[in-house]
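Remarks on the structure that follows.
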Amino acid sequence: MENVDLLIHSAAQLCVVPAHNGPQRGAALGDLGIIPDGALAAHQGRIVATGRAADLRARFRATNEIDATGRCVLPGFVDPHTHLPWSGDRANEFEQRLAGATYMEIMAGGGGIMSTVRQTRQASVADLVADNLPRLQQMLAHGTTSAEAKTGYGLDTAAELKQLDAMLALDAAQPVELALTFLPAHAVPAGYSGRTDAYVDLVVTEMLPAGAAWMRQHNRPLFCDVFCEAGVFDLAQTRRILETARELGYKLKVHADEFEGLGGTALAVELGAVSADHLVRTPPADIQALGRGDTVAVGLPGTPFGLAHTEYTPAGQILAAGGALALATDCNPGTCWCESMQMVIALACRYMKLTQAQAVAAATLNAAYAIGRGTEIGSLEAGKQADILLLSVADYRQLGYRFGTNLVEMVFKRGQRVI
Ligand SMILES: [Zn+2]
């Protein structure tokens with residue numbers, strides 16, 4: 001008998017969600033690798049083996065044995081697009097939208113992202129940590145074991161670096177593991193109204209080098225992201241920022257095609273970005289480009305739902321082109337304050353027409369690839385980090401089908417029970 005730290009056994013379904021030499025692309029999306037009467041052994045935070053319960057119980061003796069009878073076991077959800085950390089809320093703007101104002105109208109009037117920027121600039125690192133810990137606790141309780149977090153509510157060098165410091169403190173203070181993104185090009189700040197190119201100059205000459213110095217100082221990689229959108233940063237400005245960032249050692253992400261298709265997705269593929277996110281109004285040629293490149297398309301169905309829009313990421317077209325599709329919450333105080341990947345799966349099934357199996361793979365394995373971590377997390381394969389969920393139900397197909405309640409009963413991060 002081998003001694004291990006953790007043995008989860010007798011699961012009605014154990015969903016391995018195997019990698020396909022990378023993310024599950026195109027028609028291959030939705031391979032959950034289900035083991036009935038399944039078991040998983042983990043030691044020192046890593047998965048040692050998965051298989052039938054009888055086989056693993058004969059092979060391993062564990063300090064901590066979990067009987068998962070009547071339960072489904074899954075990889076922890078990975079949320080590859082959030083806007084944590086921020087300060088304050090915009091409940092008043094939601095009320096304005098309900099009365100007929102559009103998101104872009106509110107933004108043009110000084111609200112929107114700038115409203116959160118004003119509140120976040122006033123917060124200290126300690127304030128940001130205190131405000132955002134409960135959000136991460138909600139994410140964890142709903143099954144998210146790794147997430148991306150972004151700056152973008154500072155929009156000046158000091159406030160952007162303050163957000164990075166807050167992320168680092170949040171990463172150390174709780175179990176959800178954070179991948180960090182620098183997004184000084186999230187909006188054009190008030191002082192640069194009508195002078196977007198001057199702000200882009202500041203981004204490339206001062207802010208990106210400051211973020212690169214922060215990377216070296218803390219030995220933490222950063223993604224650089226740009227909100228490529230009509231009225232925000234156009235394609236040429238986006239290219240200038242991303243090419244500079246790439247030279248400075250950032251990996252790349254892009255907010256593309258949320259309201260208009262400007263070519264941001266094809267640019268992301270061309271520059272080797274790790275992901276292109278939103279992709280609601282993506283032109284057909286850009287969808288084809290996703291099939292040829294390694295850039296993961298990240299659908300954020302909580303955002304059109306949050307805005308009461310009717311158009312969603314065309315998942316069927318992306319998969320038909322052979323693209324790799326992931327899901328994320330886009331958790332942010334303006335358009336989509338939602339911490340739950342279970343809710344995102346429910347929306348993706350209805351409005352992106354994914355099956356539950358496709359949505360689960362997009363929220364785990366493919367989401368891990370969307371933050372460049374696909375070889376470490378996102379599936380229950382031997383050697384990977386032991387980030388594991390136990391659902392309170394026996395069948396993974398209850399995910400998506402049910403919504404608004406939490407089906408996650410236990411969460412393990414690196415083999416330790418955290419919920
Ligand atoms: Zn976003």
Side-chain angles (χ1 to χ4, degrees), residues 78-84 102-104 107 112-113 147-150 152 181 183 185-187 223-235 237-239 241-242 252-271 273-290 293 295-319 321 323-338 341 343-345 347-348 351-354 359 362-363 366-367 369-371:
V78 178
D79 187 347
H81 185 138
T82 84
H83 286 264
L84 266 68
T102 69
Y103 179 74
M104 288 314 230
M107 194 160 166
I113 290 170
E148 187 255 16
K150 300 183 201 294
T181 296
L183 178 61
H186 189 202
F223 292 101
C224 177
D225 191 352
V226 177
F227 191 24
C228 180
E229 189 59 57
V232 194
F233 299 98
D234 67 22
L235 191 66
Q237 291 159 344
T238 301
R239 175 187 287 280
I241 294 166
L242 292 178
L252 307 182
K253 287 180 165 281
V254 188
H255 280 67
D257 315 326
E258 180 176 2
F259 301 109
E260 285 186 39
L262 299 186
T265 297
L267 179 67
V269 174
E270 179 200 322
L271 297 179
V274 174
S275 74
D277 302 31
H278 282 294
L279 281 61
V280 175
R281 293 279 179 86
T282 307
D286 288 34
I287 288 176
Q288 292 306 312
L290 286 167
T295 301
V296 178
V298 180
L300 308 167
T303 310
F305 178 76
L307 290 165
H309 288 179
T310 53
E311 279 183 78
Y312 286 78
T313 303
Q317 294 173 37
I318 291 168
L319 297 178
L325 179 71
L327 292 171
T329 60
D330 197 18
C331 186
N332 77 80
T335 54
C336 182
W337 189 327
C338 172
M341 288 295 284
M343 181 67 189
V344 167
I345 288 169
L347 293 170
Y351 298 116
M352 293 168 61
K353 314 286 183 215
L354 297 183
N366 284 12
Y369 277 99
I371 54 169

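Small disclaimer: the values here were computed from a predicted structure and weren't measured.
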Quiz item: Should Cys336 and Leu300 count as side-chain neighbours, where that means a heavy-atom distance under 4.5 Å?
Solution: no
Practice problem: Measure the spacing between CG of Asp277 and OG1 of Thr313 and express it to the nearest 0.5 Å. | Solution: 9.5 Å
Quiz prompt | Under 3.5 Å donor-acceptor, Thr82 side chain and Glu148 backbone | solution = yes
Quiz item: Can you tell me how far CE of Met341 sits from CG of Leu347, rounded to the nearest 0.5 angstrom?
Solution: 11.0 Å
Exercise. Heavy atoms only: give me the nearest Ala328-Pro301 pair and the separation to one decimal.
Key: O-CD, 4.2 Å
Quiz item: So, for Ala289 and Val269, which heavy atoms are closest and what is the spacing to 0.1 Å?
Solution: O-CG1, 3.7 Å
Self-check item: Within-4.5 Å side-chain heavy-atom neighbours: His255 and Glu229
Solution: no
Quiz item: Are the side chains of Met352 and Leu325 in touch, meaning some heavy atoms are under 4.5 Å apart?
Solution: yes
Quiz item: How long is the gap from CG on Leu319 to CD1 on Ile287, to the nearest 0.5 Å?
Solution: 10.5 Å
Quiz item: In Å and rounded to the nearest 0.5 Å, what is the CZ to SG distance from Phe305 to Cys338?
Solution: 9.0 Å
Quiz item: Do Lys150 and His186 have side-chain heavy atoms sitting under 4.5 Å apart?
Solution: no
Self-check item: For Ala276, side chain to side chain contact (heavy atoms under 4.5 Å, CB included) partners two or more places apart
Solution: Thr265, Ala268, Leu279, Thr295
Practice problem: May I ask you to test the Leu267-Val254 pair for a side-chain heavy-atom distance under 4.5 Å? | Solution: no
Quiz prompt | Val280 vs Asp257 side-chain heavy atoms within contact, under 4.5 Å | solution = no
Quiz item: With sequence neighbours excluded, what pairs up with Pro304 under the side chain to side chain contact (heavy atoms under 4.5 Å, CB included) test?
Solution: His309, Tyr312
Quiz item: Shortest non-hydrogen contact from Val274 to Phe223?
Solution: CG2-CE2, 3.6 Å
Quiz prompt | Side-chain touch Val232/Met104, heavy atoms, less than 4.5 angstrom | solution = yes
Quiz item: Is atom CZ of Phe227 surrounded by more than 12 heavy atoms (other residues, nucleotides or ligands) closer than 6.0 Å?
Solution: yes
Practice problem: Identify the heavy atoms of Lys253 and Pro80 that sit nearest to each other, and give their distance. | Solution: NZ-O, 3.6 Å
Quiz item: How many angstroms lie between CD in Gln237 and CG in Leu262, if you round to the nearest 0.5 Å?
Solution: 10.5 Å
Exercise. Identify the residue among Glu311, Glu258, Glu260 that makes a side chain to side chain donor-acceptor pair (under 3.5 Å) with Arg281.
Key: Glu311
Quiz item: Considering residues at least two apart in sequence or located in another chain, which fulfil the side chain to side chain donor-acceptor pair (under 3.5 Å) criterion with Arg239?
Solution: Glu243, Glu270
Practice problem: Flag the pair Thr102 / Phe259 as yes when at least one side-chain heavy-atom distance between them is below 4.5 Å, and no otherwise. | Solution: no
Practice problem: Please answer whether the main-chain N or O of Thr329 pairs with a side-chain N or O of Asp79 as donor and acceptor at a distance below 3.5 Å. | Solution: yes
Quiz item: Between His81 and Asp330, is any side-chain donor less than 3.5 angstrom from a side-chain acceptor?
Solution: yes
Quiz item: Which pair of non-hydrogen atoms, one from Ile113 and one from Gly152, has the smallest distance, and what is that distance?
Solution: CG2-O, 4.2 Å
Quiz item: Asp225 side chain to Leu183 main-chain N or O, any donor-acceptor pair under 3.5 Å?
Solution: no
Quiz item: Nearest heavy-atom pair of Ile241 and Phe233: which atoms, and what distance?
Solution: CD1-CD2, 4.5 Å
